[in-house]
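This chain uses plain numbering: 1 for the first residue, then up along the sequence.
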Amino acid sequence: MKITRLVILFNYQKIVLGFIVSALFLGLSYLINSDWLVIILRIFSGLIMLNIIASLVASYILYDTSDLYELKNLNGIIDWNQTENAILVHASFDPLSKHLEEKYPNLNLTVCDIYGNRHEHDKGIETSKKIFPPNPKEIKISPDQLPFEDQSQNVILAVTSLHEILDHKQRVLFFKEAKRILKDDGVIIISEQFRDFVNFIFFNIGAFHFLSKKQWQNAIKEGDLRIVENKKITPFANMLVVAKRN
């Protein structure tokens, strides 16, 4: 429940507003005499409540019960014990690096926070950092200029972070930089929610926070990389395995 509690913390204003609007619609339904308007108001009230509950249940399934942060889906794709250099990219929220460093002490892991992401000034970020303290070796990165040598990295791991690169051209530049620093047999692992039908059903307009499958495909292709595999982690998130074209 740790991460779901943070989701509630980050979105509590929207959740409270939703409860208030739902209660207002329900209350108004008892003050009017029009049968059809009563039905409409109560339907809207119920739909708002249902959407809040559905989004929280989906968040719990995605963040706290799935393989999103366990990385078991990477078995057969990455052998961490044989991996020399890896980069973990996050957006001011890092529940993963400590786990990786403890489990694979010989892994040379560089933790990178995307500079200028939308979470940097979020009111709940200080609380999240108390639950998941920033890695002491963490560095800030600009998506279009990665501070690593050519062909120096075996793995670039980005879990629910790259959608924070808001501009398409910046995303393309990130993938071009990723190609430059990646070894020929290296991989990029991208775990993200897509802007798709399922996420619209459960997260409503919150789905616009994410990118469509086509947007990811275009950015990766323009970065001169290829998608090797597209795996479903949960009904709400996919994992893209990306590699060089050769």
Side-chain angles (χ1 to χ4, degrees), residues 1-70 73 90-93 95 117-128 131-132 159-168 190-218 230-240:
M1 284 293 291
K2 274 187 178 182
I3 299 178
T4 304
R5 286 200 297 269
L6 288 177
V7 170
I8 295 171
L9 176 65
F10 285 132
N11 297 280
Y12 78 94
Q13 291 176 319
K14 296 176 184 176
I15 294 171
V16 170
L17 179 62
F19 280 128
I20 291 172
V21 172
S22 178
L24 284 173
F25 281 164
L26 184 62
L28 283 173
S29 73
Y30 289 99
L31 300 176
I32 58 177
N33 296 319
S34 173
D35 290 342
W36 67 269
L37 194 53
V38 167
I39 294 172
I40 290 173
L41 287 171
R42 291 181 181 177
I43 288 174
F44 273 122
S45 175
L47 286 175
I48 292 170
M49 289 295 296
L50 183 63
N51 183 251
I52 293 171
I53 294 169
S55 65
L56 293 178
V57 170
S59 295
Y60 176 69
I61 293 171
L62 174 61
Y63 295 114
D64 288 306
T65 69
S66 78
D67 187 57
L68 186 66
Y69 293 111
E70 293 299 319
N73 270 321
H90 70 82
S92 297
F93 175 66
N117 71 80
R118 285 174 287 188
H119 297 308
E120 277 188 350
H121 304 295
D122 198 297
K123 291 180 179 179
I125 202 67
E126 291 305 317
T127 302
S128 72
I131 298 174
F132 299 106
V159 179
T160 64
S161 59
L162 294 188
H163 67 272
E164 288 295 331
I165 305 175
L166 303 181
D167 181 70
H168 174 74
I190 304 167
S191 296
E192 289 282 354
Q193 289 175 262
F194 286 173
R195 188 187 300 170
D196 57 19
F197 178 74
V198 172
N199 279 300
F200 270 118
I201 292 295
F202 282 86
F203 295 97
N204 204 266
I205 60 173
F208 284 105
H209 186 76
F210 310 111
L211 304 175
S212 68
K213 179 182 176 182
K214 187 68 174 177
Q215 286 175 301
W216 285 113
Q217 289 174 331
N218 289 342
N230 180 359
K231 297 176 69 172
K232 271 285 182 188
I233 301 174
T234 74
F236 315 107
N238 289 55
M239 183 181 78
L240 301 177

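- Across all non-hydrogen atoms, the minimal contact from Phe19 to Ile52 is N-CD1, 3.9 Å.
- To the nearest 0.5 Å, the span separating CG on Leu41 from OG on Ser22 amounts to 11.0 Å.
- Of all heavy-atom pairs between Val7 and Ser59, the closest is CG1-OG, 3.8 Å.
- Within a 6.0 Å radius of CD1 in Ile32, more than 12 heavy atoms belonging to other residues, nucleotides or ligands are found.
- A distance of 8.0 Å separates CD in Gln193 from NE2 in His163, rounded to the nearest 0.5 Å.
- Counting all heavy atoms, side chain and backbone alike, Ala237 lies closest to Leu62 at CB-CD1, 3.4 Å.
- For Asp167, the CG atom is densely surrounded, since the number of other residues' heavy atoms within 6.0 Å is greater than 12.
- Residues Leu162 and Trp216 share a closest heavy-atom pair of CB-CH2, 3.6 Å.
- Around the NZ atom of Lys231, the shell of radius 6.0 Å holds more than 12 heavy atoms that belong to other residues, nucleotides or ligands.
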- Message: Show, in sequence, the C-alpha distance, side-chain angles and deciding distance for His168 and Asn218, and conclude whether the side-chain contact (heavy atoms from CB on, under 4.5 Å) test is met.
- Response: CA-CA 9 Å; His168 174 74; Asn218 289 342; 4.2 Å; yes

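- Taking CG of Leu24 as the reference point, atom CG of Leu17 lies at 9.5 Å (rounded to 0.5 Å).
- In this structure, the separation between CG on Asn238 and NZ on Lys232 is 4.0 Å, given to the nearest 0.5 Å.
- Side-chain atoms of Thr160 and Tyr69, non-hydrogen and from C-beta on, do get closer than 4.5 Å to each other.
- Nearest heavy atoms, Ile233 versus Ser66: CG2-OG, 4.1 Å.
- Here the closest non-hydrogen pair linking Glu164 and Ala91 is CG-CB, 3.6 Å.
- No side-chain heavy atom of Leu68 sits under 4.5 Å from any side-chain heavy atom of Thr234.
- Taken from CG in Leu166 to NE2 in His209, the straight-line distance is 8.5 Å, to the nearest 0.5 Å.
- Atom-to-atom distance recorded for Ile15:CD1 and Ser55:OG is 6.5 Å, nearest 0.5 angstrom.
- Between Asn230 and Phe194, the closest side-chain pair of non-hydrogen atoms falls below 4.5 Å.
- Without hydrogens or angle criteria, Glu192 side chain to Ser161 main chain gives a donor-acceptor distance under 3.5 Å.
- No more than 12 heavy atoms of other residues, nucleotides or ligands lie within 6.0 Å of CZ in Phe44, so this atom counts as exposed by the packing criterion.
- Formation of a donor-acceptor pair under 3.5 Å by the Ser45 side chain with backbone atoms of Arg42 is not found in this model.
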